[in-house]
Amino acid sequence: MLAMCLFSGQAYEEVARLLTEGLAWAGRWRGRWEVPSTGAISRARARLGPEPLRALFARVCRPVATAETVGAWYRGRRVVAVDGTTLDAADTPDNDAFFGRPGSGRGDKKSAFPQVRLVVLAECGTHAVFAAATGPCTAAETVLADTLLPHLQPGMLLLADPNFPGYDRWKTAAATGADLLWRVKSDVVLVVREQYQDGSYLSEIYAARDKRRVHGQLVRVVEYTVAGHEETGPIRLITTILDPGQAPAAELAATDWDADEDEIDRRVKQLEAISRPVTAEEAQALASCFGPDDCYGVAWTLLHLIETGPGPVPVVQRPGPNADEWHHTLWSRWGNPESPDDGSAS
């Protein structure tokens, strides 16, 4: 399975050949061995079943950030997020029956492939997934997310988009000891109970069934706007961190913000519109675009674009101890393999 991930663009037979050729070259393989066919490998995987992979995931998939990992921490809290997506599955009758197919937007036609609904808990600084739930494409993300909440721990800060907040889910997640920082929709009524100097305020959330609004959960509300997106109105966050001294509003806003899919698509199109190969001057200018995050989801696209430029690649300063992950990536990929140990220039 690891080899299939490393050589994801290759067929089963080619992956097996690449894997065993390395063993033969190292002198660890005795006798003659023939690469099995795709059908034989598929049948072997079916006989094995999902249990070994489920056990492997439970054993090794966990948060991996160290104290030095940029973007993984907020004031001693490990920043994690819950999010969902869909994945295409093999076009088989069994997958079709279990996972289903979404509509294609063209009348009553269906998607070309069955789709799996996937919801994960992931560490923000490393993107390491440490809990996951799957279901049919018609399954609600919130229902799958509820099964992941027991994986939260004290010392975590869980981010979530506006599709996830709900009274019961909030209460269950908060009971794990993790802190929460969730976006809420603009139509959620949040009455100001106490205003704080940093602009945030104390409020309460209620279950939809609580018509008399007597069993509220205290939350702190942070409102902010993103430069260039003022027309969409303020973004609202609710958090379990009620003391502004422990988490100022401006810091929580900076921790939360990320580009949405439309913004990422726009930036990808901007990069794709740049003629390749780029000039040395363009490569140097593009290299300055990397920041402490993942460049709004297009960091690898940006990196590959820079590498189309003529050699030598842009000059990169040696990363200091507090440099972000992309500074280290640029340093290592562009012919600077030494371990950075200070902030001096190369």
Side-chain angles (χ1 to χ4, degrees), residues 62-63 65-83 119-128 130-131 142 145-146 148-207 210 213 215-226 233-260 292-293:
R62 61 195 62 189
T66 66
E68 291 74 32
T69 304
V70 176
W73 305 94
Y74 172 69
R75 294 200 173 204
R77 300 171 176 87
R78 187 186 299 272
V79 183
V80 301
V82 58
D83 204 358
V119 178
V120 303
L121 286 175
E123 189 176 47
C124 292
T126 62
H127 297 178
F130 61 94
T142 51
D146 288 340
L148 303 179
L149 298 182
H151 294 274
L152 297 174
Q153 299 176 5
M156 290 182 173
L157 176 63
L158 176 66
L159 312 183
D161 66 33
N163 293 323
F164 288 96
Y167 177 87
D168 292 329
R169 188 168 301 108
W170 179 271
K171 190 173 181 179
T172 301
T176 65
D179 284 311
L180 313 179
L181 180 64
W182 295 4
R183 292 191 189 188
V184 293
K185 295 180 180 179
S186 59
D187 59 353
V188 175
V189 177
L190 295 169
V191 177
V192 179
R193 302 298 186 193
E194 182 179 353
Q195 186 76 52
Y196 296 121
Q197 290 185 349
D198 69 346
S200 64
Y201 57 90
L202 194 67
S203 187
E204 292 176 298
I205 58 173
Y206 299 88
D210 186 6
R213 298 172 71 85
H215 300 292
Q217 284 277 308
L218 280 177
V219 297
R220 182 163 148 248
V221 184
V222 175
E223 297 184 356
Y224 71 95
T225 57
V226 177
I235 294 172
R236 295 195 299 171
L237 311 173
I238 56 176
T239 180
T240 55
I241 308 175
L242 303 183
D243 182 359
Q246 292 187 16
E251 292 183 4
L252 291 179
T255 300
D256 165 77
W257 192 79
D258 196 4
D260 58 24
D293 53 20

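Qualifying side-chain contact (heavy atoms from CB on, under 4.5 Å) partners for A72, counting only residues two or more places apart in sequence or in other chains: A65, T69. A search for side-chain contact (heavy atoms from CB on, under 4.5 Å) contacts involving A145 returns V82, V119, F164, not counting sequence neighbours. Contacts of R236 classified as side-chain hydrogen bond (donor to acceptor under 3.5 Å, both in side chains), with partners at least two apart in sequence or in another chain: none.
Results of the side-chain contact (heavy atoms from CB on, under 4.5 Å) test with L237 over L180, L181, L159 single out L181 as the only residue that passes. No option in L218, V188, V219 other than V219 meets the side-chain contact (heavy atoms from CB on, under 4.5 Å) test with I238.
Between D179 and T239 the shortest side-chain heavy-atom distance does not fall below 4.5 Å. Taking 4.5 Å as the limit, some side-chain heavy atom of R169 sits within range of a side-chain heavy atom of D146. V189 is not listed as a side-chain neighbour of Y206, based on a closest heavy-atom distance of 4.5 Å or more. With a 4.5 Å cut-off on side-chain heavy atoms, R78 and W73 count as touching. The shortest distance between side-chain heavy atoms of L158 and L121 falls below 4.5 Å. With a 4.5 Å cut-off on side-chain heavy atoms, N163 and R183 do not count as touching. Annotation: side chain of T176 is not in contact with side chain of M156 (no heavy-atom distance under 4.5 Å).
Other residues, nucleotides and ligands contribute at most 12 non-hydrogen atoms within 6.0 Å of the CD atom of Q197.
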Is there a salt bridge (Lys or Arg N to Asp or Glu O under 4.0 Å) between D198 and R220 once you walk through the steps?
CA-CA 12 Å; D198 69 346; R220 182 163 148 248; 2.9 Å; yes

Quick one: do L252 and Y224 satisfy side chain to side chain contact (heavy atoms under 4.5 Å, CB included)? Show the steps, please.
CA-CA 10 Å; L252 291 179; Y224 71 95; over 6 Å; no

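Closest of all the heavy-atom pairs between Y201 and E223 is OH-OE2, 3.1 Å.
Formation of a donor-acceptor pair under 3.5 Å by the Q153 side chain with backbone atoms of A178 is not found in this model.
Going from atom CG of D243 over to atom OH of Y196 covers 7.5 Å, rounded to the nearest 0.5 Å. Note: T255 OG1 to Y74 OH = 5.5 Å, rounded to the nearest 0.5 Å. Taken to the nearest 0.5 Å, the CD1 atom of I205 stands 11.5 Å off from the CG atom of D210. Atoms OG and CD, on S203 and E194 in that order, are 11.5 Å from each other to the nearest 0.5 Å.
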